[in-house]
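Taking it in order: structure first as structure tokens, then the write-up.
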2 protein chains.
Amino acid sequence: MEAADTRQEILIQASRLFKRLGYRATTTREIAKAVNIKQPSLFHHFPNKKAIVEEIFSLSLNEAAVRIENACRTAGPASERLHQYLVWDLSTLHRMPIAMSAIYTGDALKSPELAELAEKLKTFYRSLEDLISQGIRSGEFVDIDPSLGRLMVASITIAHLEYAEEATIEDPDRLAREGADFVLRAFRKT
Amino acid sequence: MEAADTRQEILIQASRLFKRLGYRATTTREIAKAVNIKQPSLFHHFPNKKAIVEEIFSLSLNEAAVRIENACRTAGPASERLHQYLVWDLSTLHRMPIAMSAIYTGDALKSPELAELAEKLKTFYRSLEDLISQGIRSGEFVDIDPSLGRLMVASITIAHLEYAEEATIEDPDRLAREGADFVLRAFRKT
DNA sequence: GTCTATAGCCTGATAGAC
DNA sequence: GTCTATCAGGCTATAGAC
């Protein structure tokens, strides 16, 4: 097994465990066991446990942050831009081997040693709230507190990812479209 | 401080910590510190850490399980019964001193020692899925996989509770109604 | 009913052989 | 690059004084 492969496998298995058990409760022994190596071998690939979760967060968040910012600045109806972003986000997440939803949920970001990551996520959330506000101002969306709206979008995304993990998905793009439709129905004025 | 008060305070503080950090990652020292007693004093009120989480789950789930079952068996449109249930659920949860959402989310139920509780929750979820199926069959709801629909309802409930914890809520009933409306818009055919 | 002290186990991380 | 062996510290839970 090459170093790069082992490293990737650590990220995959750790992300699943972080999602299932939380960051603090996941032990390096559990991660190592899932990767099929002994616990001290992890520290050849990562300096410490924190570095593993930091890399997962970066992989999840970096492209999503760029895309949501672009969606905020593009012309056209906010509802269409939100829908387009969600389709991209869900279909990307459905294909990922790493359980990205560990960012949105979980205890990792509440730990003070990971405050820097929490700040990055807040920036992402601000863009999402901005996009929702645009839709409310234009009369497309119901009058909801944008911060509640943002929580709704994030939690619906998590629900979708949990579903995709358990059920076997034959068409990830169709599922992503249906998820985005679900959110937009909830936000749109009837 | 009387025993009953201390016991209640343990449940309140533990539920908040379980929600924030997860069950496994929350230490008895942290709970004791939040209650303002020393760690071994906890074990005068509860035989072990597991007993604390079990009591929180029972308090949260017992009445909700009865109400969702009734909602399944009542006559009338499924959309109205789901809406009514959600208004009750959200307004009850908004008023609770114990952070009940620790049931829906978190790592506790995945731990094998709490498999019995996980079974109870599954029964609750089956009723919720049943109610959603009724709405799909009657043509009121969009054609969604009921197990995905159930995940959506649960995650939107969690998002609402998280919002209610951070923002100061002036009218919990209105917020509960708005949350139920949000869910129903997402489910109803347009 | 709460405390101090502590047992016994598990944790993240290091040292050094191969 | 992975291993065995191990350390220092944190964990749940118990014992026993007050």
Side-chain angles (χ1 to χ4, degrees), chain A residues 1-57 102 106-117, chain B residues 1-57 102 106-117:
Chain A
M1 185 76 95
E2 277 181 37
D5 293 345
T6 306
R7 200 186 147 82
Q8 172 78 354
E9 192 63 16
I10 291 168
L11 291 171
I12 292 171
Q13 299 301 334
S15 69
R16 288 184 184 159
L17 288 163
F18 290 157
K19 197 189 152 185
R20 200 152 59 84
L21 307 172
Y23 168 67
R24 281 178 58 171
T26 301
T27 69
T28 52
R29 280 173 179 81
E30 283 172 308
I31 299 169
K33 193 173 183 183
V35 179
N36 223 15
I37 56 178
K38 299 293 174 189
Q39 182 256 358
S41 302
L42 284 179
F43 296 91
H44 175 78
H45 302 275
F46 294 91
N48 49 47
K49 188 182 163 186
K50 185 182 146 193
I52 300 175
V53 79
E54 282 177 330
E55 183 143 335
I56 294 168
F57 281 130
D107 59 307
L109 293 165
K110 280 143 188 165
S111 142
E113 56 174 16
L114 294 171
E116 204 185 318
L117 292 172
Chain B
M1 184 77 90
E2 276 181 37
D5 293 345
T6 306
R7 201 187 148 82
Q8 171 78 355
E9 191 64 15
I10 290 168
L11 291 171
I12 292 171
Q13 298 301 334
S15 68
R16 289 184 185 158
L17 288 164
F18 290 157
K19 197 188 152 184
R20 199 152 59 86
L21 308 172
Y23 168 67
R24 281 178 58 169
T26 300
T27 69
T28 51
R29 271 176 246 277
E30 283 172 308
I31 298 169
K33 194 173 183 183
V35 179
N36 223 16
I37 56 178
K38 299 293 173 188
Q39 182 257 357
S41 302
L42 284 179
F43 296 91
H44 175 78
H45 302 276
F46 294 91
N48 48 49
K49 187 181 162 184
K50 185 181 146 195
I52 300 175
V53 80
E54 282 177 330
E55 182 143 335
I56 293 168
F57 282 131
D107 60 305
L109 293 165
K110 280 141 189 166
S111 145
E113 56 173 17
L114 294 171
E116 205 187 318
L117 291 172

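Just so it is clear, the values below take in all heavy atoms, side chains as well, and ignore hydrogens, waters and symmetry mates. Residue numbers begin at 1 in each chain, while the letters A, B, ... track the order of the sequences.
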Practice task
Calculate the interatomic distance between A/Glu113 atom CD and C/dT11 atom P; express it in whole Å.
Solution key: 17 Å

Handout entry: Set of side-chain hydrogen bond (donor to acceptor under 3.5 Å, both in side chains) partners for B/Glu54, sequence neighbours left out
Key = none

Practice task
Whole angstrom is fine here: how far is it from CG in A/Asn36 over to C1' in D/dT2?
Solution key: 12 Å

Problem - salt bridge (Lys or Arg N to Asp or Glu O under 4.0 Å) partners for B/Arg24, two or more places apart - result: A/Glu30

Handout entry: Rounded interatomic separation in angstrom, taking CG from A/Leu17 and P from C/dG12
Key = 12 Å

Exercise for the section: Take atom CG of A/Leu21 and atom C1' of C/dC10, then tell me their distance rounded to the nearest Å. Expected result: 15 Å

Problem - Value in whole Å for how far the P atom of C/dT11 lies from CD1 of A/Ile31 - result: 11 Å

Exercise for the section: Kindly state each residue pair satisfying side-chain hydrogen bond (donor to acceptor under 3.5 Å, both in side chains) with at least one member in residues 33-51 of chain A, sequence neighbours excluded. Expected result: A/Thr28-A/Gln39

Handout entry: Sugar-phosphate or base contact per nucleotide [nucleotides 10-17 of chain D; S, B, -; heavy atom under 4.0 Å]
Key = -BBBB---

Problem - Validation row: B/Leu109, B/Tyr23 side chains within 4.5 angstrom (heavy atoms) - result: no

Problem - Sequence-distant partners of A/Gln13, side-chain hydrogen bond (donor to acceptor under 3.5 Å, both in side chains), two or more places apart - result: A/Glu9

Handout entry: Length of the CD-P vector between B/Glu2 and C/dT2, whole Å
Key = 11 Å

Exercise for the section: Calculate the interatomic distance between B/Lys38 atom NZ and C/dT2 atom C1'; express it in whole Å. Expected result: 11 Å

Practice task
Kindly write out the residues that satisfy side-chain hydrogen bond (donor to acceptor under 3.5 Å, both in side chains) with A/Arg16, not counting sequence neighbours, or none if the list is empty.
Solution key: none

